[in-house]
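Quick notes on the structure that follows.
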4 protein chains.
Amino acid sequence: MAADPDARLRADARRNRDQILAAAREMFAAQGPDAPMEEIARTAGVGVGTLYRRFPDREALIRAVAQESFAQVLDEARAATAEEPTAWDALVRLVGRSHQLRVTIQLALVSARAREILHDDPRTGEFREALMAELDRTIKTAQAAGTMRPDVGAGDVAIMLSQILRQPTTNHDLATLAFDRTLSIMLDGLRTRPGESLPGRPITAEDLRDR
Amino acid sequence: MAADPDARLRADARRNRDQILAAAREMFAAQGPDAPMEEIARTAGVGVGTLYRRFPDREALIRAVAQESFAQVLDEARAATAEEPTAWDALVRLVGRSHQLRVTIQLALVSARAREILHDDPRTGEFREALMAELDRTIKTAQAAGTMRPDVGAGDVAIMLSQILRQPTTNHDLATLAFDRTLSIMLDGLRTRPGESLPGRPITAEDLRDR
Amino acid sequence: MAADPDARLRADARRNRDQILAAAREMFAAQGPDAPMEEIARTAGVGVGTLYRRFPDREALIRAVAQESFAQVLDEARAATAEEPTAWDALVRLVGRSHQLRVTIQLALVSARAREILHDDPRTGEFREALMAELDRTIKTAQAAGTMRPDVGAGDVAIMLSQILRQPTTNHDLATLAFDRTLSIMLDGLRTRPGESLPGRPITAEDLRDR
Amino acid sequence: MAADPDARLRADARRNRDQILAAAREMFAAQGPDAPMEEIARTAGVGVGTLYRRFPDREALIRAVAQESFAQVLDEARAATAEEPTAWDALVRLVGRSHQLRVTIQLALVSARAREILHDDPRTGEFREALMAELDRTIKTAQAAGTMRPDVGAGDVAIMLSQILRQPTTNHDLATLAFDRTLSIMLDGLRTRPGESLPGRPITAEDLRDR
DNA sequence: GATGAATGAGCGTTCATTCAT
DNA sequence: TATGAATGAACGCTCATTCAT
């Protein structure tokens, strides 16, 4: 349980670390993973040196932000599965609530640089695996219950989500509205329905593993 | 009064300009709109000086690339409307063929910086208006024909498209498959269908004007 | 003969390049190979950017300075061999005239960092090889003539020289005097003489190759 | 009036101080006098704060290390004089045994920065004076006995030694061999011998005082 | 008194833009 | 007119030193 190497920091150092992570999350979301380190530090209310003491370079900071984010999404997903009556409801809830996690998922998926960095990070990898496994279970359950079309895989859903979740963050009201509507359209597209089936084959969790 | 400020260039200058635009389009697509000017010039086979003679700064270059792209998409859209039997078919074709225009659309939508720059550019604005008008017509026709659900607007569709069109460019086979499937799912979501209607109100072309 | 990649520079660029090399030689001699790049540029009368355009990083600059230095010493050595009546005279002349090359040899031998960098540079390696071959010939000739003690190798002499040549550069008059005298004492130690022979075995040119 | 400002430290503080000095000696020898303070502290097994409590800045630390070193060399020199049968033997022994003191002497002589710092330090100055006096005595005795050439002064010998003692520390076997041989050649050069005398005039202890 | 966290100045390097050739 | 050389501002990162715990 003591996997976190920073578990035993002095109280003030701990606070600084958290502020840095929060600032980085915001700035990465707003400007992408190349946001100036100095500005991140300033936003966090610390000097650059402090930032670098906690995170030896930009990559380490990106990894830390990503891990935190993935962990949160995983928690959300598990809570949804546990608390919702049907798998479809769990999916809808996860997807709807992820709203607040949009910024963090952006980071993990939008930038080529960030993806490269995270690709080789085992901790991020574990979270991703667990998250995909959870999603896979939910989808299969919904398909078995006949509420979700049978010709989609966890990979399809993950890719669609990752795309919706990266809406630009300007004009907040409109963005929120668009998000909710796009989501509903997608969910409608995922429901069991008559008609032609999708081109190709389902994209699975495995397909995404070596992206 | 000449609409195109570069209409009367010497032949070799014209060629340079085109090569620069082509190079910029490729590099923007590959690396985003911050790609080094020097590298763009080198790819175009000219010196930086020549690049700056044609496009006084990066913003001007971004605007020029975007205008060209928008014009192409507009052409595509009009051709689809003219040649396809139904509005739904026109939409499907536009959306499917845009495949080749993905990279250029990426530029216009993906980067916060590029969007800001384009926001104030009247020529890009005109293209955008025309394109949205075309899309609006198509959608309304399809809705009148009963093939598209009535509770979506041109803004909804534009936003959804802009999201699908920015898939990460790695792992090309998987990306293509994912693109085709996501597109199909979305189109299925857009078809006329029984069930609850979407949250909020339709997003229109006007809504996007001041994004 | 056109091995130099910078042979065809514009006149002003050529001049800048030479000024940068000269400035670097001086500053490396005075402060070691970690001298601030900015200060080197300022001394050369150019901006940092210009320095970096010519020499993509510090290592490249160090290599360039070293190559130039080694080439000069090699020229000196060959001229001495060609023009002096005996091998001993050639050695004395080389060693005495090297006075002006002291600073440059310092760079090549004094700093651990510089040596590492130069170790893998093939051009520097060639110069070193040629220089050691020349020295080896001179020494063997002098030994055959009976003027130099037979139990020393080119490596011994090179090491001794490299040590004398790195005198600190403060207090110039005294340094010059000390240099001349130390040199004479060393040469006296190298002359054929009765008495015990040296410990160990002669250090050869080969011994130094993989230092 | 207490000569040693740290004479009355608590036992543990004393131990800390000694460990810091030892660590600094090693790191200065290995990396030069710019070795990171933090690393020195870590090697010494203390926090940086402790290091700075004992030595208010880097200069103070350099001075302390140098004083310790000089004191040791002085002890060596006096022991050699006292225990060896002739002055020449004492010189040979001092020079040969200094082997172990090489690293510390390096510090005092090799870096421009360190020399500057030590130049104005009275305590280091005293040690240097005493050492030079000892060397001067030894040399004059040997010259009076006819074993050392009469045209060299203590300054000549000190300079020569300081040069040999700064061999690069890589490739240890070869370095040791080279050291022993260079030393022997130099000593041979210092012996009484027929032939031309040295250029200029002897360099004395006084000459070095204001280097 | 000891610790190690925080600060910020400083250097290396890149790249947009200007300008001499 | 085309070129590519020169400039310098900006950002990443390191490390000496100070200071809260």
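Being a predicted model, the structure only gives us computed values, none of them experimental. Chain A is the first sequence line, chain B the second, and so forth, proteins listed ahead of strands; every chain is numbered from 1.
Pairing for F:dT7 is with E:dA16, a Watson-Crick or G-U wobble pair whose two hydrogen-bonding atom distances lie under 3.5 Å. Pairing partner, E:dT21: F:dA2, with both Watson-Crick or wobble hydrogen-bond distances short of 3.5 Å.
B:Ile40 places its CD1 atom 12 Å from the P atom of E:dC15, with the value rounded to the nearest Å. Rounded to an integer number of Å, the gap from D:Tyr52 OH to F:dT18 P is 8 Å. With rounding to whole Å, A:Ile20 atom CD1 is found 10 Å from E:dA6 atom C1'. Atoms CG (D:Asp34) and C1' (F:dC15) sit 11 Å apart, rounded to a whole Å. Look at CG on C:Asp12: it is 10 Å from C1' on F:dG4, rounded to the nearest Å. A straight line from CE of C:Met37 to C1' of E:dG10 spans 15 Å, rounded to a whole angstrom. Atom-to-atom, CG of C:Asp57 to P of E:dC15 comes out at 14 Å; the value is rounded to the nearest Å. As rounded to whole Å, 19 Å separates atom P of E:dA9 from atom CZ of D:Arg58.
Counting non-hydrogen atoms under 4.0 angstrom, C:Val46 reaches the backbone sugars and phosphates but no base. Backbone-only contact: A:Ala35 has heavy atoms under 4.0 Å from sugar-phosphate atoms and none from a base.
Comparing D:Glu38 and A:Val48 by the nucleotide of DNA chain F that holds the closest heavy atom to each, the one mapping nearer the 5' end is A:Val48. Of the two residues near DNA chain F, C:Gly45 and B:Gly49, the one whose nearest nucleotide lies more 5' is B:Gly49. Nearest-nucleotide positions on DNA chain E for B:Glu59 and A:Gly47 put A:Gly47 closer to the 5' end.
Closest approach of C:Leu21 to C:Glu68, counting heavy atoms only: CD1-OE2, 3.8 Å. Closest non-hydrogen pair, A:Ile40 versus A:Leu61, comes out as CD1-CD2, 4.1 Å.
Side-chain atoms of D:Arg42 do not come within 3.5 Å of backbone N or O of D:Met37 as any donor-acceptor pair. Under a 3.5 Å cut-off, the side chain of D:Arg58 and the backbone N or O of D:Ala35 do form a donor-acceptor pair. No donor-acceptor distance shorter than 3.5 angstrom exists from the side chain of B:Thr50 to the backbone of B:Val46, with no hydrogens or angles considered.
Contact annotation: C:Thr50 side-chain N/O to F:dA5 OP1/OP2 distance is not under 4.0 Å. OP1 or OP2 of F:dA2 has at least one side-chain nitrogen or oxygen of B:Asn16 nearer than 4.0 Å. Distances shown here put a side-chain N or O of D:Arg53 below 4.0 Å from the OP1 or OP2 atom of E:dG1.
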